[in-house]
2 protein chains.
Amino acid sequence: MADSRTPRSSEGLGSSSPAPAVTRAAAVLDALAEAPSGRLTLSDLSRELGIPKSSTSNLLMALEEARLITREGADFSLGRKLVELGAAYLSRLDEVQEFYKFCEQAPTLSGETVRIAMIDGDHIIYLARYEGHPAVRLTSNIGDKMPLSLSAVGKVLLAQLHDHDIEAMFPDDVELPVMTPKSLRSAAELKAQVAAIRKQGYALEDEESTLGVVCLAVPVPTHGAHGPSLGLSVTALKATFSEEQAALMVKELKELAHSLGNPMG
Amino acid sequence: MADSRTPRSSEGLGSSSPAPAVTRAAAVLDALAEAPSGRLTLSDLSRELGIPKSSTSNLLMALEEARLITREGADFSLGRKLVELGAAYLSRLDEVQEFYKFCEQAPTLSGETVRIAMIDGDHIIYLARYEGHPAVRLTSNIGDKMPLSLSAVGKVLLAQLHDHDIEAMFPDDVELPVMTPKSLRSAAELKAQVAAIRKQGYALEDEESTLGVVCLAVPVPTHGAHGPSLGLSVTALKATFSEEQAALMVKELKELAHSLGNPMG
DNA sequence: CACGCTTGTTCAATCCACTGAACAACCACC
DNA sequence: GGTGGTTGTTCAGTGGATTGAACAAGCGTG
C-alpha cells in the first residue's frame, strides 16, 4: 500500500456547514461504516478525512462518550447506539409492521422471500425482510444498500421519479456498476426499462445482480407527503420461476403495496 | 402529565465535552429516538435539551445534511442513514452470521425462536433473531432494548459481571421495572438469582416480562478483550414447555455459545 | 381583526472550540 | 542502542461557531 487509500474529501470547505463539528462527526461515522475492516485508528481517520489529528481526537472522544463509536485499544469502530437508533427509526415505520403481517397471510407470498426497501440517495436500502422460504436464504440483510440500476426495487423506484431527476442521476455517459454479465450497462438501457416499468407497473430483475436469481418489484404509492418512496420485491430462483407464478406474485405485491399506501386498510 | 416533559439536561456543562456540538447532536438523536411519536420540532428540541434555538437550528441543519435526521415540514425525525450505520455495525459482528447458520442446523433450536443480545449500559440490546417457529412471533425486534432484570439474557449477562459492578447498578433499595406479577421486585431477589445462574450456567425467565412466555439464556464466553459480553436466548410458550426440552435447548445453546466464543470453530 | 403566544430564521459581537506545532511513547529496522 | 518513522496527546493563540435579541410568520381565541 504505497500510495495508501484515496482521501475522499479535500474539498473541505465546499459546503461550509453551520455546525462543522457535526458534519465531520458524520463523516467519521461514514468512514468507519465503509472501512472494509470496520476499524480505523485516529491517524487513519485524520488522514482520510483531511482533519487535523488534534481535532479528530476531540471528535472521537465526543463520539465515544455518546457511544456512537467504540474504542478498542487504538482502533475505533461503530458503536452499539447506532443499532438502537436504527431500530428506533424502523420501529416508527408502520409499514414495516404491516408488511410482516400481510406476508404471513398472503397465499403465494407467504412461501417466498419478500423485502421492503426505500430509496436513499442513489441507492436503495432494505428495511425489512420476510422469509417464508428457508431454503433460499439471501445474503443481503436489513440496512444493506444496493445501486438503483442493479435491483428490481431500485428500478421500480427510479421509475417513480421525474425524468429530469433520472437524467441528472444517470447522464448518458454514466458508468453503471456491474455485478453479472446480465447487469445493465448503459443509461439508455436503464431508461428504456424505466419506460417499460411505467407501463406495466412492476419491474423485473433477471440475474442482473446474482446469477440464478430473479426479482420482481412494485412501488408503494406515496399518498401525498408522508415520506420517501417505498418498494416491495420478491426474490426467487430462476430455475423454479414460471410466468403464472410471477403473475400471482405481482398481484399480491400490488395488493400489499396498496394496503401500505392507504393506511386505514 | 400537566407539567409537560422533564427537561433532561440542565446540568449542561457538567461534562464539558471536547466537541460540544457533537455531544449535543447525539443528544438530539437520543431525544428523537425516545420521543413517543418520533417527531419533534425545533422548539421541542431546544426546550428539552436546553439548547438555544439558533444553535439547535444549526445542529439540525448539519444533521439533516448528513441525513442522520429528516425534516418533514416543521417536524424532525431520525434519518435513514442510521439504519445503514446500524446495519454496518451488525454486519461486522461475525457472531451474528455464525449465529444464523448454527440455528438452522441445530436439531432442537432450528424450530425455536432464538436471539442473540449484548449488554449495553443498564440494558440489553437484541442483535439478531432467528425464527424457526413462525407460530410464535415475538413483538421484540432487532435493536430493541430490555432492562437487565426482566430478561433471561439480561440476568445471565449480569451474572458475568463482578459483584461490585452489580452492587453499583443495583443497590439494595433500587426499584426494579415491573412488567408482570412475576417480575422480580427487589435487588435481593435479583442477586439470589445471579448466584444461582453462576452455579447452573444458564438463566431462566419465567413469565417475568410476558405472561405465558418463558425464556432460557446462556452467556457467550468472551475470550479475552474482543468486545462486550454476548448472550443467547430461546423463547418458548410456557404451555408447551417441558423439562426435557429445556435441557436440550440449554445444551444446544451452550454449543452455540462455545462456537461463538472460539471463532476458529 | 387585533391580540397574545407560539413558531423558525437572521445577524453582529463574543467567546470558546479548533488548530498547528511541539511533545512523549512506541515500534521496526538496521 | 541508535535512528527514522510512526503513533496519540498536550497546550496556548486565534478565527469562526455560538448565541441572544430582534425579526417575521403562523395560529388559535375571544
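In what follows, chains carry the letters A, B, and so on, assigned in the order in which the sequence lines appear, proteins first and then strands, with residues in each chain numbered from 1. Predicted model, so just to flag it, every value in this text is computed and none were measured.
Using modelled atom types and a 3.5 Å distance limit, the side chains of A/Glu98 and A/Ser259 yield a donor-acceptor pair.
Put simply, CE on A/Met61 is 13 Å from P on D/dG8, counting in whole angstrom units. Atom-to-atom, CG of A/Leu42 to P of D/dG8 comes out at 5 Å; the value is rounded to the nearest Å. One interatomic measurement links the two molecules: CG of A/Asp75 to P of D/dG8, which rounds to 9 Å at whole-angstrom precision. Between the CG atom of A/Asn58 and the C1' atom of C/dG20 there is a distance of 13 Å, given to the nearest Å. Computed from coordinates, the B/Leu60 CG to D/dT18 P distance equals 12 Å when rounded to whole Å. One atom, NZ of A/Lys53, and another, P of C/dG20, lie 12 Å apart when rounded to the nearest Å. Rounding to whole angstrom units, CD of residue B/Glu48 and P of C/dT7 are separated by 13 Å. When the C1' atom of C/dC18 is taken as reference, atom CG of A/Leu59 falls 10 Å away, rounded to whole Å.
Listed nucleotides D/dT9, D/dA17, C/dG8 differ in distance to A/Arg71; the shortest reach to its side chain belongs to D/dT9. Relative to the side chain of B/Ser43, the nucleotides D/dG20, C/dT7, C/dC18 differ in distance, and C/dT7 lies closest. Side chain of B/Pro20, nearest nucleotide from D/dG8, C/dG8, C/dA17: C/dA17. Considering only side-chain atoms of B/Arg24, the nucleotide from D/dT18, D/dG8, C/dC18 that sits closest is D/dT18.
Contact check, B/Arg47 against C/dT7: a side-chain N or O comes under 4.0 Å of OP1 or OP2. OP1 or OP2 of C/dT9 has not a single side-chain nitrogen or oxygen of B/Ser54 nearer than 4.0 Å.
Within a 6.0 Å sphere centred on CE of B/Met61, other residues, nucleotides and ligands contribute 12 heavy atoms or fewer.
At a cut-off of 3.5 angstrom, counting only N and O atoms as typed in the model, there is no donor on one side facing an acceptor on the other between the side-chain of B/Ser57 and the base of C/dG8.
The backbone N or O of B/Ile119 sits less than 3.5 Å from a side-chain atom of A/Arg80, completing a donor-acceptor pair. A donor-acceptor pair under 3.5 Å is absent between the side-chain atoms of B/Arg115 and the main chain of B/Gly231, judged by distance alone. In this structure, B/Arg47 contributes its side chain and B/Leu49 its backbone to no donor-acceptor pair below 3.5 Å.
Residue-to-nucleotide proximity on DNA chain D shows that, of A/Ala19 and A/Phe76, the 5′-proximal contact is made by A/Phe76.
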